[in-house]
**Q** 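Could you have a look at this structure, given as structure tokens, before my questions?
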Amino acid sequence: MERRTFVKLALLSSFTTLLDAKKIDKEITVFKSFSKKLAIPPILKPNILESGIKEFNLNVQQGKVDFLNGSQTNTYGVNGDFLGPTIRISKNDTIKINVKNALQEETVIHWHGLKVPGVNDGGPNRSIKPNDTWSTQYKINQRSSLCWYHPHTHEATGRQVFMGIAGLFIIDDEDSRNLSIPKEYGVDDIPLVFQDRRFSQDGQFIYKQTMHDVMMGVTGNFSLINGVIDPYLEVGAKTIRLRLLNGSNARVYKFMFNDYREFYQIAGDSSFLPKPVKMKTLILSPGERAEVLVDFTDAKGKTLYFGDNLSNKPLLQINVKNEEAEDFRLPKKLTTITEYQEDNFTQLREFTLDVRPGWLAINKKQMDMKRIDEEVILGESEVWRIINPTHMAHPFHIHGCSFKVLSRNGKKPYLNETGLKDTIFVYGNETVELAIQFDYEATKEYPYMYHCHILEHEDAGMMGQFTVLKSKKESLQVHS
Ligand SMILES: [Cu+2]
């Protein structure tokens, strides 16, 4: 935004504030220019410890960012002012992460999508006090995927994410290395973290203010990708891989190109899809990830837009270089999903989403850190049935696992969710069934969470806790 436009809007806003009896910050409106280059989150370099362990240092800190050309927005970030670096690791790596809390309030970092024991998971029970460091070490034993990290602080997750704490976690394995697909990070393999924010007249973030913000989730009229408002990206005249994360608190995106060009989804949250799925639009709810391949060979020298069909807004300007086009052959097959095929499920658990005016819960219970809601036996396969009797769609996320979608309202899942996932968008009046296996322990002291990933819903209590324990006997002891 040009400074003059910003000042003019600020003046207009202050007039309306005088007329407004309620003490609610007025938003400033959007000015689209796509004048800023897309930032690519840097890849964090690990220290290699004696035993080959990769050690990463994350410093969660306060910052200031000039988002609106002249304003200084107070932010949070990881190793920087806003958002954090990308942690890139391989299957079978053992990693150690030191999370230093340099904020003036408690926080904790959760590794969204990582299959690690409850003690390493970074749930609200793991809260880190200001100036303390939490060191956690675990082995990566899961498929190549785009995961991410973000705060999971008790009743403060939404605000801390909104302030800017989030980063990517890329896992590589044989599939991702052997497949003939674009893989040069930041060049033809582009990470895109989609978020939205609203700003007050003095350039500060406006977070939750009203009951409406809680019930609908906080959205904003400014769209950010990798922390940059309305950015542009320059790409070669070839096939490009986009790794998409919906890192917004509550906004759902229906991605598409302005020229309706087709693209192929190749991966979901926790794995590649069995084969590429041709699409023109892609819905991504908060917490979900997708990887897509887009062919730009027919667009050399042209400017395109990748945008959101639901808000009818362009989000990213894509300038295709005027260079000789590079051919690409799309792989027919990407991977084989072997997980959770058996029919010997030992448990069916039902989770009914529960929304009433001023009340957000699951199975009629609001989150209570002192209560364990479910007890799972380590290594057993289960079916989790998520029932959404409400009109609003909710993204349901489960810690410590990946799952396979069995059905939506009794019908087969969509083709682009035939890989493994950890977050499922459950539409209004829909019932979804998931096949899950929990391979790691989560004790009563450090249980896993399941929750709505609309962060204001999560903070308001739409969340539960569960343990994963070795035997039934041990599980019963938890009750006593
Ligand atoms: Cu929700």
Side-chain angles (χ1 to χ4, degrees), residues 110 112-113 123-124 148 150-162 166 194-198 207-220 245-254 269 283-289 308 310-311 349-369 371 373-374 384-399 401 403 405 408-409 417 421-434 436 448-466:
H110 164 61
H112 184 130
W148 63 304
H150 62 74
H152 218 301
T153 319
H154 185 55
E155 294 179 348
T157 296
R159 179 173 51 79
Q160 293 189 349
V161 171
F162 207 80
F194 291 86
Q195 297 179 313
D196 57 334
R197 293 292 182 271
R198 52 188 188 189
Y207 186 57
K208 199 166 70 185
Q209 317 195 88
T210 61
M211 185 51 76
H212 182 269
D213 286 342
V214 176
M215 297 310 287
M216 301 310 290
V218 172
T219 54
L245 160 67
N246 183 349
S248 304
N249 283 44
R251 181 177 294 279
V252 176
Y253 298 90
K254 187 175 182 180
D269 298 336
I283 294 174
L284 218 56
S285 69
E288 283 188 299
R289 291 87 70 205
D308 172 30
L310 298 176
S311 59
R349 288 176 208 266
E350 288 193 343
F351 299 85
T352 303
L353 309 183
D354 181 13
V355 178
R356 285 169 266 160
W359 170 265
L360 292 146
I362 298 170
N363 288 342
K364 296 187 174 154
K365 291 179 287 184
Q366 290 196 319
M367 167 73 169
D368 180 349
M369 280 174 72
R371 186 190 64 228
D373 298 285
E374 304 288 332
W384 283 27
R385 182 182 286 158
I386 322 300
I387 303 161
N388 181 8
T390 76
H391 295 300
M392 186 177 176
H394 301 264
F396 193 88
H397 171 50
I398 309 170
H399 289 208
C401 72
F403 53 72
V405 187
R408 282 184 179 274
N409 274 349
E417 51 192 24
K421 287 179 65 60
D422 57 55
T423 306
I424 181 81
F425 198 33
V426 188
Y427 291 90
N429 298 307
E430 190 177 44
T431 293
V432 171
E433 288 192 336
L434 313 170
I436 311 185
Y448 288 134
M449 309 289 136
Y450 55 84
H451 60 89
C452 177
H453 220 285
I454 293 173
L455 300 181
E456 289 69 39
H457 288 187
E458 173 189 334
D459 283 337
M462 207 170 183
M463 174 153 67
Q465 306 193 105
F466 68 102

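Since we're looking at a predicted model, the values are computed, not measured. First listed ligand is number 1; within each ligand, the first listed atom is number 1. Numbering of residues begins at 1 and proceeds along the displayed sequence.
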**Q** Would you say the rings of W384 and F403 are close, in the sense that their centroids are separated by under 6.0 Å?
**A** no

**Q** Just do the salt bridge (Lys or Arg N to Asp or Glu O under 4.0 Å) check on E456 and K208 with the steps written out, would you?
**A** CA-CA 8 Å; E456 289 69 39; K208 199 166 70 185; over 6 Å; no

**Q** Return yes when at least one N/O/S atom of C452 is nearer than 2.8 Å to the Cu ion (ligand 1), and no when none is.
**A**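 An N, O or S atom of C452 is closer than 2.8 Å to the Cu ion (ligand 1), so yes.
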
**Q** Which is the closest N/O/S atom of H457 when seen from the Cu ion (ligand 1)?
**A**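 Nearest N/O/S atom of H457: ND1.
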
**Q** Indicate yes or no for a side-chain donor-acceptor contact from N246 to the backbone of R251 under 3.5 Å, with no hydrogens or angles considered.
**A** yes

**Q** Do you know which N/O/S atom name in H394 is closest to the Cu ion (ligand 1)?
**A**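 For H394, the N, O or S atom at the smallest distance from the Cu ion (ligand 1) is ND1.
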
**Q** Looking only at the side chains, is there a donor atom on one of H451 and H152 sitting less than 3.5 Å from an acceptor on the other?
**A**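 There is such a pair (donor and acceptor under 3.5 Å, judged by atom type) between the side chains of H451 and H152.
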
